[in-house]
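Step one of this worksheet: look at the structure below.
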Amino acid sequence: MSLFKKVNLTAKLFLGGGFCLLIIFLIGINTIVSLQKLSAEANTIYDKHLLGILHIKEADICLNHMRKNLRQMVFSENTFDKQKANKQLDKADATLQLEINEITKTVDSSENKQQLAELLRLIEQYRHYAEQIVSLMDGDEQQKTQAKGIFLGGTFTELSDKADSLLADIAKNKEEDAYEKGQTLKKISEDNQKFSFVLMFFGSFFGGVSGFLIIRSVANSIKSLQNFIENLASNNLDLDVPYLYLSNKHGALANALGILQDSCRVLKSEHWVKENVTKISAELQKAEGLSLLSQKFLALVCPLLNVGYGVFYTYSGNQLFLLGSYGHSKRKDLNKTFALGEGLIGQCAIEKKPITLTNIPSNYIHINSGLGKSTPNNIIVLPILHGDVLVGVLEFATFRQFTDVEQLLLDELMPRLAMSVEILERNIRTQNLLEEAREQAVRMKEQKAELEMQQAELRQTEKWYTSIIEFAPMGIFVVNEAGQIVLCNPNLEAMFGYDLGELNWKNVDELVPLSIRADHSKMRAKFMVENCQARPMATGLELGGVRKDGSEFPIEVGLSHLPELENGIKNVCVTVRDITVSKQVANEMRLAKEIAEEATK
């Protein structure tokens, strides 16, 4: 039977011979027409429905990405995250437009066209609101508040929900059309079988036998291809394509279905990778410490990659320290630290390249479970790199090698893991510096109180304050309740372009940019009555100062209450630092980081 399938239709007709030639010829004509219909219907399913469903799903993903990035732009306090979200928003919008264009090519029914027209209208309104939100986010705080109101408003949310619903309805219609086409294929197959059996009834015994074989061959081919198409439409991509070895029309159709199956597998794999990368990246951002980050990463990645054993080493001070593990059993000979070049961990750190071992000895390491233990077949050691900078090293033990999709997931995750470690380490360093600064502030306050107790006269106290202010490395001045500069050091006067002593008894509002000068007196009065500890001014906002010549420059400002004088007058000590140079350096570093991130994508 297998050999009979490989024979083309013309050869089968000649095999009937003689009296059966007419019947076989009619059967052949019927079969060819049926195959053409099947091929046309199958191509229609592929071109108009299956591809349409894939593009609709991608469009829905892009719409969700736009909503997610808009949320990050509106609610994130980090300027870099906002800029990154803006870029991702533009990218998702461009991709959405491409997917909508592809969907338009596959829409042919009047109902779908009406739904598509409504979808285009909703998306256009959605883009209008999104552009309005992005524009408002570049404005002042009132405009940003307005942007949040638009994002959280019912109209914007309703547009998004309606667009999602329309995409789902169009996809459902496509699925129903694909099902109807499958039923058409089935009906064509059944009609072909009935007609063939009628012809066989009037044939001779030999004609009946040969006709039976031909019909059975064709029917089985059609049925197999039909079943395969229905399974493909149901997202079952693991079946083997039937009749790939044939050189006839069945083989051509099978080859086309094989190409479609490969495309669907690629899309499914890419979607799986993107989904898990997004999920794991979000979880890593929630980690509050390096140990928790390593445990979260291993707990999420190891089950996905079927890893039975994993360890996470962090790099610090030319040493690699064990930070977290998965499926790890305590062993006396397990090193918790490695020097550069020591063992596979240290060698991987030096080379900054993955290392893979196979045929692991039975006494090397075991993967344990409640039922038993076994030796892994593969050891994989991977460097965690942020650009060219080593952040840490991962080691995995598995029973098999990673598949291409699993390797792709790992390749996508490693740069994000390195970035998460780098950001977390930077946050920890910043937190330590802030803690040290707070401790130093407490110590200074205690020293100040002790000195005040030791000093008996107000003049000596003023002299002590004056000496501190004059020799401070940053700009310092004292402001009274009226906003007058009671005392200032030479560094402050030089920073703002004034001569020595020229700032005394001037109003502090003259040093504030015109854009906020009107509200500054209210904020100053509010701080005067607050009984709060020393703190930076306008946390999260960019502050500026105005020089004598009218030019503005970026500054950092710290505020702290001074002890009340005997007459009850309150004063505030203000520290000012010119951050023009550091801001330029930060901008250059941010630009370099963005370039590096773009290069690693």
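From a predicted model like this one, the values you see are computed outputs, not experimental measurements.
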**Study point:** Pairwise side-chain contact, Ser420 with Phe297, heavy-atom cut-off 4.5 Å (strictly under)
**Key:** no
Review point. Rounded to the nearest 0.5 Å, how far apart are CG of Leu543 and CD of Glu556?
Key: 8.5 Å
**Study point:** Heavy-atom donor-acceptor pair, Ser582 side chain to Ile579 backbone, under 3.5 Å
**Key:** yes
Exercise for review: Please name all residues satisfying side chain to side chain donor-acceptor pair (under 3.5 Å) with Arg590, sequence neighbours left out, ordered by chain then number.
Suggested key: Gln83, Glu594
**Study point:** Set of residues satisfying side chain to side chain donor-acceptor pair (under 3.5 Å) with respect to Asn378, sequence neighbours excluded
**Key:** none
Practice item. With side chain to side chain contact (heavy atoms under 4.5 Å, CB included) as the test, would you mind laying out the steps for Leu413 and Val277 before giving the verdict? Key: CA-CA 6 Å; Leu413 284 175; Val277 166; 4.0 Å; yes
Point to revise | Nearest-0.5 Å distance, CG of residue Asp519 to CD1 of residue Ile516 | key: 8.0 Å
Study note, to complete from the structure: Residues at least two apart in sequence or cross-chain that pass salt bridge (Lys or Arg N to Asp or Glu O under 4.0 Å) with Glu588, listed by chain then number, are none
Point to revise | Smallest separation among heavy atoms of Ala349 and Leu320, with atom names | key: CB-CD1, 3.7 Å
Review point. Rounded to the nearest 0.5 Å, what separation is found between the CG atom of Leu340 and the CD1 atom of Ile345?
Key: 12.0 Å
**Study point:** Partner residues of Asp411 under the side chain to side chain donor-acceptor pair (under 3.5 Å) criterion, sequence neighbours left out
**Key:** Gln407
Check your understanding: Closest heavy-atom contact between Tyr313 and Leu322?
Key -> CD2-N, 3.4 Å
Revision key, fill the gap. The salt bridge (Lys or Arg N to Asp or Glu O under 4.0 Å) partners of Arg400 (sequence neighbours excluded) come to Glu406
Point to revise | Short N-O contact, Lys279 and Glu275, less than 4.0 angstrom | key: no
Review point. Side chains of Lys593 and Met589: closer than 4.5 Å at any heavy-atom pair?
Key: no
**Study point:** Gln431/Asn427 under side chain to side chain contact (heavy atoms under 4.5 Å, CB included): CA gap, chis, key distance, verdict
**Key:** CA-CA 6 Å; Gln431 191 66 30; Asn427 292 341; over 6 Å; no
Point to revise | Any donor-acceptor pair under 3.5 Å from Thr278 side chain to Lys274 backbone | key: yes
Check your understanding: Under the salt bridge (Lys or Arg N to Asp or Glu O under 4.0 Å) test, which residues partner Lys353, sequence neighbours left out?
Key -> none
Practice item. Decide yes or no for Ile379 and Glu395: does some side-chain heavy atom of the first lie under 4.5 Å from some side-chain heavy atom of the second? Key: yes
Point to revise | Set of ring pair (Phe, Tyr, Trp, His ring centres under 6.0 Å) partners for Phe321, sequence neighbours left out | key: none
Check your understanding: Quick one: side chain to side chain contact (heavy atoms under 4.5 Å, CB included) partners of Ile428, sequence neighbours excluded?
Key -> Leu290, Leu424, Asn432
Study note, to complete from the structure: Taken in chain and number order and not counting sequence neighbours, the residues that satisfy salt bridge (Lys or Arg N to Asp or Glu O under 4.0 Å) with Glu283 are Lys286, Lys296
**Study point:** Reference residue Leu394; test side-chain contact (heavy atoms from CB on, under 4.5 Å); the match among Val311, Leu417, Ile380
**Key:** Leu417
Check your understanding: Can you name the residues that form a side chain to side chain donor-acceptor pair (under 3.5 Å) with Gln285, not counting sequence neighbours?
Key -> none
Revision key, fill the gap. Nearest heavy-atom contact between Leu382 and Pro354 is CD2-CB, 3.6 Å
Review point. Under the side chain to side chain contact (heavy atoms under 4.5 Å, CB included) test, which residues partner Arg121, sequence neighbours left out?
Key: Glu118, Gln125
Check your understanding: What closest approach, in Å, do Leu390 and Gly392 show between heavy atoms, and which atom pair accounts for it?
Key -> CD1-O, 3.4 Å
Point to revise | Lys352 (side chain) donor-acceptor with Asp388 (main chain) under 3.5 angstrom | key: yes
Exercise for review: Could you tell me which non-hydrogen atom of Thr95 sits nearest to which non-hydrogen atom of Cys62, and how far apart they are?
Suggested key: CG2-SG, 3.3 Å
Review point. Can you find a pair of side-chain heavy atoms, one from Phe312 and one from Ile384, that are under 4.5 Å apart?
Key: yes
Review point. Can you check whether Leu409 reaches Val405 side chain to side chain, under 4.5 Å on heavy atoms?
Key: no
Exercise for review: For side chain to side chain contact (heavy atoms under 4.5 Å, CB included), just list the numbers for Gln401 and Thr356, CA-CA rounded to whole Å, side-chain angles, deciding distance to a tenth of an Å, and then say yes or no.
Suggested key: CA-CA 10 Å; Gln401 293 184 349; Thr356 301; 5.5 Å; no
Check your understanding: Is there a donor-acceptor pair under 3.5 Å between the side chain of Arg517 and the backbone N or O of Val512?
Key -> yes
**Study point:** Derivation of the side chain to side chain contact (heavy atoms under 4.5 Å, CB included) call for Phe553 and Asp578
**Key:** CA-CA 8 Å; Phe553 63 102; Asp578 186 350; 3.6 Å; yes
Point to revise | Results of side chain to side chain contact (heavy atoms under 4.5 Å, CB included) for Ile355 - residues two or more places apart only | key: Leu344, Gln347, Cys348, Glu351, Val381
Practice item. Could you pull out the closest heavy-atom pair between Gln295 and Leu323, with the gap in Å? Key: NE2-O, 4.4 Å
